[in-house]
Trainee: 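Below is a structure I'd like to ask you about.
Reminder, nothing fancy here: chain letters follow the sequence lines and each chain counts from 1.
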Number of protein chains: 2
Amino acid sequence: MVRSGPPSRERIVAGAADLISRRGLNATSIRELAKHAQAPLGSTYHYFPDGKQQLATEAVRYAGAAVERLLRRELDAGPVAGLRAFLEMWRGIVVASDFRAGCPVLAVSVEEPPPGDELPPALIAAAEAFQDWERLLAGSLRAHGADPERAPELATLVVASVEGAIAMCRARRDMGPLDRVAHRLEALIETELAAQARQAAQGRQ
Amino acid sequence: MVRSGPPSRERIVAGAADLISRRGLNATSIRELAKHAQAPLGSTYHYFPDGKQQLATEAVRYAGAAVERLLRRELDAGPVAGLRAFLEMWRGIVVASDFRAGCPVLAVSVEEPPPGDELPPALIAAAEAFQDWERLLAGSLRAHGADPERAPELATLVVASVEGAIAMCRARRDMGPLDRVAHRLEALIETELAAQARQAAQGRQ
DNA sequence: CTCTGGCTATAACGCTCGTCATAGTCTAGC
DNA sequence: GCTAGACTATGACGAGCGTTATAGCCAGAG
């Protein structure tokens, strides 16, 4: 019997991403996740038989992929346009939630893995999400003339500073930190690309 | 009877800061905090009668003040020296804990406050800690010739990107992100100060 | 020595946790 | 209509939660 999965499953994953971004992973219970998605508790174990860690992993991948799609789409118009879209997306999430929600990938990243030797899959998914974003940004920077050595550093700086600024905004209940970071990052990228363009023109002349 | 508080109290606060930086606030129990500080559970309620939120607040203030002292000391030798000390401190914490510990101020910042109207004091303490660090950095930048408009933006960028990079390092179990951010931030500050120095010299001539 | 008061040990309160098992209910395909 | 299989309802398991209460320890003051 082929049934297109009911809307429940994706709704649970999306809701989990949202709730984890607000409360953190270990502080969020499966019962809350189910209630937040208006799904019965039993359904979560039906769709995610490996329990909480499986749901958390899928939630991180879901959020990571959504951001990746946004970057892929908006970076076509250049690194600054991509940066602006990236910033506006987070700004919208923080403001719409009245400073209660943030980035689920960050939330998972700052929780200690259990004492065992192997890492929780959700943490690995978080690392991959960050790396994907960095790669897209670095690629766009390089493609638009940034120094190939500085491009990955700039990409990491963008992701790290936006993630950090989101947390600072939540603590202060004020978008000032993200605005200041946005302003500086835009100027930074613009001068980087302008410098390279100037240098290229000089070499050509 | 004036008794200098036994070493227990500060040890509990310091241990709480460490454990909160690893696991997050809501995911850390008072019993774990007591055990981590090798103190009996009863003592935590003796020293901190308002319970978990009081202990968490003091832990955030404790960590915030420690960083503030470090910045105050090292920024005397200039913004780059202060930045280096700031980075090296976090690097030490992350590496020494094998990527398990991070920044307790960030950990508290990314947890949703309870639905009530007033904010938890620990969150307010986190906002104040971030703001203190930013002010010190911005002041040093201005004092060493940075553009007075750009100085606060740069300070926020430094704090935000370091906080974000710490989280990224923990997820990847790799210090690459912090190293890349460090390299870019140093260059950024150096050129900012150099540009202003050049401009000042020009104005003087 | 007694006694006071800072500190600790222990147990308990009602509650929620992650997870599992079991017994349903409903719908799609025959 | 009937049956199979996808989904849900319900309740339970041991464990841990934040917090409080009570009783006990033990150093220092008198």
Trainee: For A85(A), check side-chain contact (heavy atoms from CB on, under 4.5 Å) against everything at least two apart and list the hits.
Mentor: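 Counting only residues at least two positions away or on another chain, A85(A) forms a side-chain contact (heavy atoms from CB on, under 4.5 Å) with L70(A), E74(A).
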Trainee: Quick one: E32(A) CD to dG18(C) C1', roughly how many Å, whole number?
Mentor: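 That distance rounds to 13 Å.
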Trainee: For F48(B) and dT19(D), give me the distance from atom CZ to atom P, rounded to whole Å.
Mentor: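 These atoms are roughly 13 Å apart.
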Trainee: What pairs with R31(B) under side chain to side chain donor-acceptor pair (under 3.5 Å), at least two apart in sequence or on another chain?
Mentor: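 Per chain and number, R31(B) pairs via side chain to side chain donor-acceptor pair (under 3.5 Å) with no residue.
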Trainee: Tell me every residue that passes side-chain contact (heavy atoms from CB on, under 4.5 Å) with T156(B), counting only those two or more places apart in sequence or in another chain.
Mentor: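 Counting only residues at least two positions away or on another chain, T156(B) forms a side-chain contact (heavy atoms from CB on, under 4.5 Å) with M168(A), P177(A), R180(A), V181(A), E134(B).
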Trainee: Please work out which residues in residues 113-126 of chain B have a non-hydrogen atom less than 4.0 Å from an atom of DNA chain C and list them by number.
Mentor: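 When residues 113-126 of chain B is checked for heavy atoms under 4.0 Å from DNA chain C, there are no hits whatsoever.
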Trainee: To the nearest angstrom, how far is H46(A) atom NE2 from dA6(D) atom P?
Mentor: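 Those two atoms, NE2 and P, are 7 Å apart.
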Trainee: Is the shortest side-chain heavy-atom distance between I93(B) and I166(B) below 4.5 Å?
Mentor: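 Contact flag for I93(B)/I166(B) side chains = no.
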Trainee: Please produce a list of atom pairs where a protein N or O lies less than 3.5 Å from an N or O of nucleotides 19-22 of chain C.
Mentor:
from: dT19(C); atom 1: OP2; to: Y45(A); atom 2: OH; distance (Å): 3.0
from: dT19(C); atom 1: OP2; to: K52(A); atom 2: N; distance (Å): 3.1
from: dT19(C); atom 1: O4; to: R31(A); atom 2: NH2; distance (Å): 3.1

Trainee: Side chains of residues 100-122 of chain A: which donor-acceptor partners sit under 3.5 Å, not counting sequence neighbours?
Mentor:
from: R100(A); atom 1: NE; to: E112(B); atom 2: OE2; distance (Å): 3.2
from: R100(A); atom 1: NH2; to: P113(B); atom 2: O; distance (Å): 2.7
from: S109(A); atom 1: OG; to: V105(A); atom 2: O; distance (Å): 2.7
from: E111(A); atom 1: OE1; to: N26(A); atom 2: N; distance (Å): 2.9
from: E111(A); atom 1: OE1; to: N26(A); atom 2: ND2; distance (Å): 2.7
from: E111(A); atom 1: OE2; to: L25(A); atom 2: N; distance (Å): 2.8
from: E111(A); atom 1: OE2; to: N26(A); atom 2: N; distance (Å): 3.4
from: E112(A); atom 1: OE1; to: R23(B); atom 2: NH1; distance (Å): 2.8
from: E112(A); atom 1: OE2; to: R22(B); atom 2: NH1; distance (Å): 3.2
from: E112(A); atom 1: OE2; to: R100(B); atom 2: NE; distance (Å): 3.2

Trainee: Identify, with sequence neighbours excluded, every residue that meets side-chain contact (heavy atoms from CB on, under 4.5 Å) alongside R61(B).
Mentor: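 R61(B) satisfies side-chain contact (heavy atoms from CB on, under 4.5 Å) with T57(B), A125(B) once adjacent residues are dropped.
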Trainee: For H183(A), what residues pass the side chain to side chain donor-acceptor pair (under 3.5 Å) criterion, not counting sequence neighbours?
Mentor: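 Once residues adjacent in sequence are excluded, the partners of H183(A) under the side chain to side chain donor-acceptor pair (under 3.5 Å) criterion are E153(B).
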Trainee: Rounded to whole angstroms, how far apart are NZ on K35(A) and C1' on dT8(D)?
Mentor: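 Between C1' of dT8(D) and NZ of K35(A): 16 Å.
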Trainee: How many Å lie between CD on Q54(B) and C1' on dG18(D), as a whole number?
Mentor: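 These atoms are roughly 14 Å apart.
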Trainee: Is the distance from OP1 or OP2 of dC17(C) to the nearest side-chain N or O of S29(A) less than 4.0 Å?
Mentor: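 True: S29(A) side-chain N/O within range (under 4.0 Å) of dC17(C) OP1/OP2.
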Trainee: Quickly work out the N26(A) CG to dC17(D) P distance and round it to whole Å.
Mentor: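 After rounding, the reported distance stands at 12 Å.
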Trainee: For W90(A) and W133(A), take the angle between the two ring planes, folded into 0 to 90°, and tell me which bin it lands in: parallel under 30, tilted 30 to 60, perpendicular over 60.
Mentor: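 Rings of W90(A) and W133(A): tilted, as their planes differ by 30° to 60°.
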Trainee: Show every ring pair (Phe, Tyr, Trp, His ring centres under 6.0 Å) that has at least one partner inside residues 54-83 of chain A, sequence neighbours left out.
Mentor: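 Not a single pair qualifies under ring pair (Phe, Tyr, Trp, His ring centres under 6.0 Å).
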Trainee: Test of understanding: with side-chain contact (heavy atoms from CB on, under 4.5 Å), list the residues that count as partners of F48(B), not counting sequence neighbours.
Mentor: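 Expected list: R9(B), I12(B), V13(B), Q54(B), L55(B), E58(B).
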Trainee: Could you check whether T28(B) gets within reach of a base, just the sugar-phosphate, or nothing at all, counting any heavy atom under 4.0 Å?
Mentor: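 Counting heavy atoms under 4.0 Å across all strands, the contact made by T28(B) is with sugar-phosphate only.
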Trainee: Can you list, by residue number, the residues of residues 14-25 of chain B that have a non-hydrogen atom closer than 4.0 angstrom to DNA chain D?
Mentor: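 Under 4.0 Å from DNA chain D: no residue of residues 14-25 of chain B.
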Trainee: Side-chain polar contacts of residues 36-43 of chain A - donor-acceptor pairs under 3.5 angstrom, sequence neighbours left out - could you list them?
Mentor:
from: H36(A); atom 1: NE2; to: D18(A); atom 2: OD2; distance (Å): 2.9

